[in-house]
Amino acid sequence: MSQEKRELASAFVPSAIEGSLYQKWIEAGYFTADAASSKEPFTIVIPPPNVTGNLHIGHALDQTLQDCLTRLKRMQGYEALWLPGMDHAGIATQNVVEKQLAAQGLSRHDLGREDFVKKVWEWKAESGGQILGQMKRLGDSVDWTREAFTMDENLSAAVLTIFKKLYDQGLIYRAERIINWCPRCLTALSDIEVEHHDDAGEFVQVRYGDGEQSIVVATTRAETMMGDGAVAVHPDDPRYKHMIGTEVLLPLVNRMIPIIADELVDPEFGTGAVKVTAAHDPNDFEMAMRHNVPFVVIMNEHGVMDGTGTEFDGMDRFDARVAVVAKLKELGRIVAEKRPYVHAVGHCSRCDTTVEPRLSKQWFVKVAPLAKAAGDAVRDGRVKIEPAELAPRYFEWVDNMHDWCISRQLWWGHRIPVWYGPDGDIVVVGPGEKAPNGYTQDPDVLDTWFSSALWPFSTLGWPQNTADVKKFYPTSVLVTGYDILFFWVARMMLFGLFAMDGVPPFHTIVLHGLVRDQYGKKMSKSRGNVVDPLEFIDKYGADALRFTLARGSNPGKDQALAEDWVAGSRNFATKLWNATRFAMMNGATTDGPLPDSASLSAIDSWILSRVTETALEYTELLESYEFARASEVIYHFAWDDLCDWYLELSKEALASGNAAGTQRVLGYVLDVLFHLLHPIMPFITEELWTTLTGKKTLVTSAWPEVDKKNLDKKSEKLIGELQKIVTEVRRFRNDQGVKPSQKIPARFIAPNDVMAYQSAMAFLLKLELVELTPSASVEIGDMKVELDLSGTVDVVAERARLEKDLITAQKDLKTAEVKLNNEGFMAKAPANVVAEIKERLAVTTADIERITAQLAALK
RNA sequence: GGGUGGUUAGCUCAGUGGUAGAGCGCCUCGUUUACACCGAGGAUGUCGGGGGUUCGAAACCCUCACCGCCCA
């Protein structure tokens, strides 16, 4: 298995290794999962990016986390499947192609349905799916042999199957309702495809009727008044009680309409009287149903006034609003007006056009029973939401979900499998079935999220009972941003539980936040603060971007991202590269067993202990989706413990010619480190590890099983002492203005276990262990380093240093004293805490004595 | 209006009862052969305000202020 050992290039250049490594992985088939394997499965399905999409920074985060988990589990011996694919993204994609047509002066109607859809497929084949290539740049270990698209044949069969099943159980129905309508896209929208934001509108009060028999209504939509069927007041409102049941004259169209009483009316709002426009407002629709108010349609699908029989017909709704108010003013019917009146208005999430509530016949999913099951699965713990704090949001939505409007007046998507007979009867056609002769199919298509909701099993071959379904369903973890909890996650729960006999589509939902700019502001094109992940990959490498994103990813929290931080991660990668180069130059090896612990130096025992602790802690953090904390732990181990201390403390030993133990320990530590880091930084770890070991790949190499016997508190304590001495002497040298390169004669006075490492410390500190007449000393507790500065001691600097130490010690002493003099503390604090404070008191007291004596001797 | 998260070093954020942390930035010194994409040292905080619980609070409770997100 061993290849010829290579050498590392003197500088780390990500672009020089990434492409060829990914190629190697694909060719070797490491990412291809085996449904026949006896290993326990671990499955993630990717949140399918839109076919129109490009890799943006949010994808990069989402995918980094998924790849992390997939690679971790693969190394831990699971049959890991990360399934990639794309969503056909109905409205979004249709809009893109329509725009291209518009550039040629064409509309989709010029082509006709069949040709238009053909055109979209062509476009999909040509330029769709760019993102898949971009995923390779990121290093995603997805199984390309299983790539899926929501409009693939078998995924479409899944759509037909579930539609029919829902219909047969009475969970899909057709009804005339007020739905959200986009007058630009000319289609119905579901509730969540509508975004509410504040617009500057107007709020006018209009007098209906005359004299005694008049009432003033308040409205933001004067133009719809011609469709009014009633005026509503609160039943207990004393101002209007006497008028309930009477009629008033509706101006402009001169129709008599009744005054009705309904609890829905808020007497505090406006004048306490509202117009009821049943066909153009969802609340009014509800009231109208209760009171038998007629539905008067006064607008067409384009949002243009139509059918009022007035001069306003043919005007756009917003123009009509102005014209209607002007006319009412002329008639002396405007009592008050407020302009601008800022209030929340719904907009199409795809094109931002103001949504128009519209009475129309659409298909709906009856969600109540499905949503109940989806809520229960989380409530009873079968599905976990991470972090748990986000579960209330899920419940809030699932427990209050309205029926889901699933028909879209589009051409791109899964056509509704409903056929209408000549006598108005309905046939729902499942996969492989045919409608009777003479039937015509419903022209509409299904909401994109209808097919995405089936993703965790349609991608595995369902409705057929494939080997993949058996092996990989239910999937393990779903990783996605909290922003699509409602759009997608909840709907997968609804349909997954329904289709798969109550087996939820995943056992854990891992929600991450959004990536924001370096000041925590939302990224947007208009702000101009959008960053391009590919640019970062080009500049700093995929590993650097991935590490930055992982390091910033606290569960469910948004993260800020700055280019500087990506550069910092690149620096970390370079550090690893150089450390490995150094290790290899000094004979680090992974061959043979680890030396017996008794034969190791405390320095070697210490780093073994640290790497063991780190591996245990880090693994646990990754397994609990704590990516930021895991990254932090591994970063500090690698940079601080390994590079800053272990490598430095080992230089003397490595140069001594008697370094076999250290060479082997160093090899082991790097071996473990590269394994641990591989899920986050796959490229550089693969390169370094294969070079170091001569082995083939880390991708399928087993996750480290560290031995707790290597945990060694004694060595950790001893090395802690060494670190204190080194730091204090460095500080002394710095304060004294001694050049780092200047060698100073010195002598250590310390306990034997510390003295054993005096040459290693001397090497670090540029001290010469020779006979000397000390002119200065650095004291750390009961340890001392005497130095010969040839009489050049800067007394002022030294006094300042000691005085600062004294102040710190005195402060520490005081807090310890206060606690120990506190009767309550002594009586109630746990014994170990009291002991700790007593110890602190003893140490600081000794420090103060020592420093005071030094100061006295210094004048 | 309902729900929910936040307010900790200049910036972005960790830190769920026992002497306040990280990264970046800042200051000083330094080309000691792994690394200047570096090393060493240093400065910087009434942990949003007020009250309470506790021997002890950045952390737990109450309250106020401000910022954000989701839903209406």
Side-chain angles (χ1 to χ4, degrees), chain A residues 8 10-12 191-192 196 266 268-269 282-283 344 346 387 389-397 400 482-483 485-486 513-514 516-522 540-541 544 548 551-552 554 556-565 567-586 626 628-629 631-632 635-636 639-640 643-644 647-648 651 726-743 763-766 801 804 808 811-816 818-830 832-834 836-837 840 844:
Chain A
L8 289 173
S10 64
F12 169 50
D191 289 346
I192 54 174
H196 294 266
D266 176 6
E268 306 286 320
F269 185 75
N283 291 326
E389 300 96 85
L390 288 174
R393 264 198 209 195
Y394 172 82
F395 292 129
E396 190 198 334
W397 196 71
N400 302 300
Y482 62 72
D483 55 326
L485 186 61
F486 306 146
L514 311 178
R516 297 170 165 270
D517 78 1
Q518 59 183 313
Y519 302 112
K521 299 284 177 219
K522 200 170 176 174
Y540 304 106
T548 308
R551 191 179 189 181
N554 285 112
K557 297 247 182 119
D558 290 351
Q559 64 172 299
L561 179 75
E563 179 162 356
D564 277 357
W565 309 343
S569 297
R570 185 271 320 266
N571 296 352
F572 178 50
T574 305
K575 189 78 180 172
L576 295 170
W577 185 274
N578 285 320
T580 308
R581 244 170 22 104
F582 172 80
M584 290 179 68
M585 284 190 285
N586 285 278
E626 295 268 12
R629 290 175 62 193
S631 305
E632 203 63 18
Y635 176 89
H636 287 291
W639 202 309
D640 301 350
C643 293
D644 287 348
L647 291 183
E648 294 301 328
K651 276 180 178 172
V726 169
T727 305
E728 281 305 306
V729 173
R730 280 171 173 166
R731 197 174 141 228
F732 172 81
R733 292 183 57 129
N734 233 293
D735 289 349
Q736 286 292 312
V738 177
K739 289 208 167 184
S741 55
Q742 188 188 328
K743 293 209 169 184
F763 188 88
L764 277 197
L765 290 166
K766 290 278 177 281
R801 192 172 81 84
K804 197 180 141 201
T808 309
K811 218 175 95 191
D812 288 353
L813 178 71
K814 197 168 178 199
T815 55
V818 167
K819 289 206 172 198
L820 293 171
N821 289 334
N822 180 334
E823 280 174 34
F825 176 79
M826 295 306 284
K828 296 194 177 174
N832 62 321
V833 175
V834 175
E836 200 182 297
I837 304 290
R840 201 182 302 157
T844 49

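Letters A, B, ... are given to chains in the order of the sequence lines, protein chains preceding strands, and every chain is numbered from 1.
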Could you state the OH-C1' distance from A:Tyr482 to B:G6, rounded to the nearest angstrom?
-> 12 Å

Figure out the NZ/C1' separation between A:Lys521 and B:G6, and round it to whole Å.
-> 13 Å

What distance, rounded to whole Å, do you find between the two P atoms, one in B:U4 and one in B:C37?
-> 49 Å

Looking at every strand, decide which applies to A:Arg570 at a 4.0 Å heavy-atom threshold: base, sugar-phosphate, or nothing.
-> base

For B:G39, does either OP1 or OP2 sit under 4.0 Å from a side-chain N or O belonging to A:Lys575?
-> yes

With respect to the phosphate group of B:G42, does any side-chain polar atom (N or O) of A:Asn734 fall under 4.0 Å of OP1 or OP2?
-> no

Find the distance A:Asp640:CG to B:C38:P and express it as a whole number of Å.
-> 13 Å

On a whole-Å scale, what distance lies between the C1' atoms belonging to B:A22 and B:G17?
-> 22 Å

Name the closest nucleotide to the A:Asn571 side chain, picking from B:A34, B:C38, B:C69.
-> B:C38

If you look at every strand shown and take non-hydrogen atoms under 4.0 Å, does A:Asn554 touch a base, only sugar-phosphate, or nothing?
-> sugar-phosphate

Ring-face cation of A:Lys575 near A:Tyr635 (centre distance under 6.0 Å, axis angle within 45°) = no

Please measure how far the C1' atom in B:C67 lies from the corresponding atom in B:U8, and state the result in whole Å.
-> 16 Å

Span that lies between the P atom of B:U31 and that of B:G68, in whole angstrom | 50 Å

What is the nucleic acid contact for A:Asp644, judged by heavy atoms within less than 4.0 Å: base, sugar-phosphate only, or nothing?
-> sugar-phosphate

Heavy atoms under 4.0 Å, any strand shown: does A:Glu823 hit a base, just sugar-phosphate, or nothing?
-> nothing

Determine the interatomic distance between C1' on B:C70 and the same-named atom on B:C55; round to the nearest Å.
-> 43 Å

What's the CG-C1' distance between A:Asn578 and B:U33, to the nearest Å?
-> 12 Å

Of B:G18, B:G30, B:C71, the nucleotide closest to the side chain of A:Phe825 is B:G18

Taking atom C1' in both B:U63 and B:G25, what distance in whole Å separates the two?
-> 37 Å

Which part of the nucleic acid, if any, lies within contact of A:Met585, taking any heavy atom under 4.0 Å across all strands shown: a base, the sugar-phosphate backbone alone, or nothing?
-> sugar-phosphate

Phosphate-side-chain proximity, A:Trp397 and B:A72, N/O vs OP1/OP2 below 4.0 Å | no

Hey, is the main chain of A:Lys557 close enough, under 3.5 Å, to the side chain of A:Asn554 for a donor-acceptor pair?
-> no

Testing B:G42, B:C24, B:C38 for proximity to the side chain of A:Arg731, the answer is B:G42

Among B:C13, B:C37, B:C11, find the nucleotide with the atom closest to the side chain of A:Tyr519.
-> B:C11

After noting the C-alpha distance and the side-chain angles of A:Lys743 and A:Lys766, does the key distance pass the side-chain contact (heavy atoms from CB on, under 4.5 Å) rule?
-> CA-CA 5 Å; A:Lys743 293 209 169 184; A:Lys766 290 278 177 281; 4.2 Å; yes

With respect to the phosphate group of B:A43, does any side-chain polar atom (N or O) of A:Lys804 fall under 4.0 Å of OP1 or OP2?
-> yes

Show your reasoning for whether side-chain contact (heavy atoms from CB on, under 4.5 Å) applies to A:Gln742 and A:Arg733.
-> CA-CA 10 Å; A:Gln742 188 188 328; A:Arg733 292 183 57 129; 4.3 Å; yes

Take atom CD of A:Glu648 and atom C1' of B:U33, then tell me their distance rounded to the nearest Å.
-> 12 Å

Note: for A:Leu764 and A:Lys819 on RNA chain B, the residue whose nearest nucleotide lies more 5' is A:Lys819

Ignoring the backbone of A:Thr574, work out which of B:C69, B:C29, B:C37 is nearest its side chain.
-> B:C37

Select base, sugar-phosphate, or nothing to describe what A:Thr727 touches, counting heavy atoms under 4.0 Å on all strands.
-> sugar-phosphate

Indicate yes or no for a side-chain donor-acceptor contact from A:Asn400 to the backbone of A:Glu396 under 3.5 Å, with no hydrogens or angles considered.
-> yes

Run the side-chain contact (heavy atoms from CB on, under 4.5 Å) check on A:Arg730 and A:Leu764 step by step: do they pass?
-> CA-CA 9 Å; A:Arg730 280 171 173 166; A:Leu764 277 197; 4.1 Å; yes

Any A:Lys557 side-chain nitrogen or oxygen under 4.0 Å from OP1 or OP2 of B:A14 = yes

Could you state the atom-to-atom distance from CG of A:Asn400 to P of B:U4 in whole Å?
-> 13 Å

Would you mind reporting whether A:Leu647 and A:Phe582 have side-chain heavy atoms less than 4.5 Å apart?
-> yes

NZ/NE/NH1/NH2 to OD/OE distance under 4.0 Å, A:Glu563 and A:Arg570 | no

More than 12 heavy atoms from other groups under 6.0 Å of CD on A:Glu823 | no

For atom CG of A:Asp735 and atom P of B:G30, their distance in whole Å | 15 Å

With C1' as the reference atom in both, quote the distance from B:A20 to B:C27 in angstrom, rounded to an integer.
-> 22 Å

Within the structure shown, what part of the strands sits under 4.0 Å from A:Asp812 by heavy-atom distance: base, sugar-phosphate, or nothing?
-> base

Determine: side-chain N/O of A:Arg840 to OP1/OP2 of B:U19, distance under 4.0 Å, yes or no.
-> yes

Of the nucleotides B:G42, B:G39, B:G18, which one has an atom closest to the side chain of A:Pro830?
-> B:G18

Secondary structure of RNA chain B in dot-bracket form (Watson-Crick or G-U wobble, distances below 3.5 Å, | marking inter-strand pairs) | ((((((((.[[[[.)..(..]]]].(((((.......))))).....[[[[[..)....]]]]]))))))).

Checking all strands, does A:Ala827 fall into the base, sugar-phosphate, or nothing category for heavy-atom contacts under 4.0 angstrom?
-> nothing

Using 30° and 60° as the class limits, which term best fits the ring planes of A:Trp639 and A:Phe572: parallel, tilted or perpendicular?
-> parallel

Within the structure shown, what part of the strands sits under 4.0 Å from A:Gln518 by heavy-atom distance: base, sugar-phosphate, or nothing?
-> sugar-phosphate

Between A:Thr815 and A:Glu389, just flag the one whose closest nucleotide in RNA chain B comes earlier from the 5' side.
-> A:Glu389

Which whole number of Å gives the distance between the P atom of B:C66 and that of B:A57?
-> 28 Å

Rounded off to whole Å, could you give me the NZ-to-P distance for the A:Lys828 and B:G17 pair?
-> 19 Å

Can you list the steps and then say if A:Met826 with A:Val834 is a side-chain contact (heavy atoms from CB on, under 4.5 Å)?
-> CA-CA 7 Å; A:Met826 295 306 284; A:Val834 175; 4.0 Å; yes

